[in-house]
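Per chain, numbering begins at 1; letters A, B, ... match sequence-line order.
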Amino acid sequence: MPELVLHNTLTRRRETFVPQDPSHVRMYVCGPTVYDLAHLGNARPVVVFDVLARLLRRLFPRLTYVRNITDVDDKINARAAESGEAIGDITRRTTADFHADMAAIGALPPDIEPRATAHVGEMIALIERLIAGGHAYAAEGHVLFAVASFAQYGRLSGRSPDELLAGARVEVAPYKRDPGDFVLWKPSTEELPGWDSPWGRGRPGWHIECSAMSWRYLGETFDIHGGGSDLLFPHHENEAAQSLCAFPDSRFALTWLHNGMLLVNGEKMSKSLGNFVTLRDVLAAGEGEAVRLLLLKTHYRSPLDFSWAALSEAQRELDRLYRGVEAAPDAEAETPDEMVEALCDDLNTPRALAYLYALAAGARAGNHRTAGRLRGAGALLGLLQADPARRLQEIEQLNARGVTRADIEALIEQRTSARLTRDFARADAIRAELAGHGIVLEDGSGGTTWRRG
RNA sequence: GGUCCGGUGGCAGAGUGGCGAUGCAGCGGACUGCAAAUCCGCGUAUGUGGGUUCGAUUCCCGCCCGGACCUCCA
């Protein structure tokens with residue numbers, strides 16, 4: 001079994017991954033705040049950590065993968081206030097949309113998907129521990145974390161408290177002892193969601209939910225914590241501070257993994273910049289699997305610049321890979337060591353894909369066993385698992401574009417007759433007609449076949 | 001301004017102290033009535049100036065450029 005090497009943000013270097021308990025790996029990944037449709041940037045960590053989960057399941061006997069749903073947040077409240085839709089309806093609908101979108105790009109569900117609102121009790125318990133330990137204080141209905149009480153504050157994100165202060169451009173609330181102190185609990189008005197607590201009716205701050213849910217499902221110390229690089233500060237820094245102070249003997253997450261940002265024209269895709277493309281938009285233009293391939297073509301720590309041209313390129317590449325699968329659909333899947341090794345190299349998906357292309361070429365050339373290895377290698381990446389005949393099903397959808405399967409087959413018959421009488425003008429006319437409907441004909445030794453172009 | 005990351009062929013994108021992967025696109029060829037698909041072949045790249053070294057794209061320093069974070073954000 002190859003050694004898994006991962007780049008740990010905490011140490012900023014590549015490290016051999018050694019789980020606390022080799023018989024049970026524990027991983028936590030920050031999930032979505034459910035107030036709006038997921039965009040392509042939101043999909044990247046999901047796909048990246050889905051590949052990691054598949055790899056970990058192969059390398060270790062057991063994995064518990066937790067990815068939360070944050071369903072209490074001021075952005076959700078704001079959305080409800082704007083639209084008039086009930087908060088519960090927004091979060092339920094958005095969660096369902098998220099599940100559907102992630103399934104469309106081949107991401108398996110995590111083992112546990114806890115919702116923040118179901119863990120307010122744990123959050124309150126954590127906050128009480130922090131107050132008892134002198135790491136938090138109540139002020140004007142809020143409870144704040146005292147960054148000065150934690151000497152290691154800033155270690156994860158590589159900042160000193162002074163630097164943070166120097167860069168602070170945010171207005172400092174008067175009840176904060178230190179500008180860097182952050183909210184653990186805040187008071188809610190009647191209209192806002194709230195829970196009874198020792199500090200009155202209120203709601204949790206942004207970071208505490210992850211500390212609560214990782215603690216509940218993975219314990220005080222666990223192996224891997226993942227998320228987007230934009231979460232490194234303040235979210236992960238604060239999360240770590242809370243958890244380490246609440247459990248002074250723990251180490252919280254041993255390995256921190258951060259994926260790079262998705263860019264559009266060289267700039268980060270984000271809701272606030274308005275340059276985002278929802279997954280729905282992307283899925284209307286290409287297969288979910290092509291989107292997945294697109295996301296895996298770049299190493300997870302590098303930025304990835306999205307373009308529609310890049311998506312269609314991924315679509316072309318995927319089609320070609322599937323031609324390898326189609327060459328021997330019944331071949332027994334087998335996972336090549338080379339694929340595992342590529343992924344063990346800090347999840348080097350570009351290297352893994354290069355190997356996949358080589359397997360596809362072998363499979364197209366008629367090597368049956370290679371076709372099985374292609375299928376098995378694809379499985380580790382969450383690719384190439386569809387029935388090759390899926391193309392025909394997709395073509396059925398082209399009915400709306402003016403041709404049915406029966407039309408296509410009838411035209412092919414006419415064309416075959418024309419070709420037999422060497423009426424090539426007629427044959428070419430038929431091919432051109434089908435091409436107009438996005439159908440490409442291929443004259444092979446066994447007759448004429450067709451596919452989506 | 002501070003911190004961090006990165007600059008590789010037309011595009012995308014890896015690796016590596018010593019012949020610079022892979023894919024897409026392009027070009028040539030085989031095959032085809034013509035195509036498509038497939039196969040074979042070809043071309044062009046390591047931002048810039050120094051340093052270390054027998055040798056640097058790879059290590060070190062400066063510069064230029066780009067991005068992220070420092071504020072809600074995957």
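One finds the CG atom of A/L321 at 12.0 Å from the CZ atom of A/R375 (value rounded to the nearest 0.5 Å).
Side-chain atoms of A/D50 and A/Y65 include no donor-acceptor pair closer than 3.5 Å. Defined by atom type and a distance below 3.5 Å, a donor-acceptor pair is missing between the side-chain atoms of A/E239 and A/Y28. Inspection of the A/D281 and A/T278 side chains reveals an N or O donor paired with an N or O acceptor under 3.5 Å.
Using a 4.0 Å heavy-atom distance criterion, A/G444 is classed as making no nucleic acid contact. Within 4.0 Å (heavy atoms only), A/N348 reaches sugar-phosphate atoms of the nucleic acid but no base atom. Among the protein residues, A/G227 comes within range of the sugar-phosphate backbone only, with heavy atoms under 4.0 Å from sugar or phosphate atoms but none that close to a base. When heavy atoms are screened at a 4.0 angstrom cut-off, A/H235 is found touching no nucleic acid atom at all. Base contact: A/L262 has a heavy atom under 4.0 Å from a base atom. Backbone-only contact: A/L231 has heavy atoms under 4.0 Å from sugar-phosphate atoms and none from a base.
Across the C1' atoms, B/G50 and B/A14 are found 28 Å apart, a figure rounded to whole Å. Across B/G62 and B/C4, the matching P atoms stand 12 Å from one another, rounded to whole Å. The separation of B/G28 from B/G43, taken at their P atoms, amounts to 15 Å, rounded to a whole angstrom. Across the P atoms, B/C59 and B/G1 are found 26 Å apart, a figure rounded to whole Å. Taking atom P in both B/A37 and B/G47, the straight-line distance is 35 Å, to the nearest Å. Rounded to whole Å, the separation between the P atoms of B/G26 and B/G7 comes to 28 Å. B/A45 and B/A21: their P atoms are spaced 12 Å apart (whole Å). A gap of 11 Å separates the P atoms of B/U57 and B/G18, to the nearest Å.
The pairing partner recorded for B/C59 is B/G51, the criterion being a Watson-Crick or G-U wobble arrangement whose two distances lie under 3.5 angstrom. Under the Watson-Crick or G-U wobble criterion, with both distances below 3.5 Å, B/C11 is paired with B/G23. Remark: B/U3 base-pairs with B/A68. Criterion, Watson-Crick or G-U wobble with two distances under 3.5 Å. The partner of B/A35 cannot be assigned: no Watson-Crick or G-U wobble pair with both contacts below 3.5 Å exists in any strand.
Counted within 6.0 Å of CG on A/D330, heavy atoms from surrounding residues, nucleotides or ligands total more than 12; the atom is thus considered enclosed. Other residues, nucleotides and ligands place no more than 12 heavy atoms under 6.0 Å from the CZ atom of A/R13.
The distance from atom CG of A/L263 to atom P of B/C5 is 17 Å, rounded to the nearest whole Å. Look at CG on A/L156: it is 13 Å from C1' on B/U3, rounded to the nearest Å. In this structure, the CG atom of A/L311 is 20 Å from the P atom of B/C11, given to the nearest Å. In this structure, the NZ atom of A/K268 is 7 Å from the C1' atom of B/A68, given to the nearest Å. Between the NE2 atom of A/H207 and the P atom of B/A74 there is a distance of 13 Å, rounded to whole Å. Computed from coordinates, the A/I76 CD1 to B/C72 C1' distance equals 13 Å when rounded to whole Å. What separates CG of A/N259 from C1' of B/C5 is a distance of 14 Å, to the nearest Å. Spacing between atom CG of A/L296 and atom P of B/A14 amounts to 12 Å, rounded to whole angstrom units.
The residues A/K297 and A/E317 are annotated as salt-bridged, a charged nitrogen and a carboxylate oxygen being separated by less than 4.0 angstrom. In this structure, A/K75 does not pair ionically with A/D36, as no charged nitrogen and carboxylate oxygen lie closer than 4.0 Å.
Comparing A/K271 and A/A310 along RNA chain B, the residue whose closest nucleotide (by nearest heavy atom) sits nearer the 5' end is A/A310.
Counting only heavy atoms from C-beta on, A/R323 has its side chain closest to B/U38 among B/A74, B/C70, B/U38. Between B/C70, B/A37, B/A68, one nucleotide has an atom nearer to the side chain of A/E267 than all others, and that is B/A68.
The ring pair (Phe, Tyr, Trp, His ring centres under 6.0 Å) test with A/H142 is passed by exactly one of A/F182, A/Y175, A/W185: A/Y175.
Contact annotation: A/T298 side-chain N/O to B/G13 OP1/OP2 distance is under 4.0 Å. The side chain of A/R364 contributes an N or O atom lying less than 4.0 Å from OP1 or OP2 of B/C39.
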Side chain to side chain donor-acceptor pair (under 3.5 Å) between A/S307 and A/D305, intermediate numbers included: CA-CA 7 Å; A/S307 69; A/D305 210 342; over 6 Å; no
Does the protein touch nucleotides 17-33 of chain B at the base, only the backbone, or not at all? Give it as B, S and - per nucleotide, heavy atoms under 4.0 Å. ----BSBSS-------B
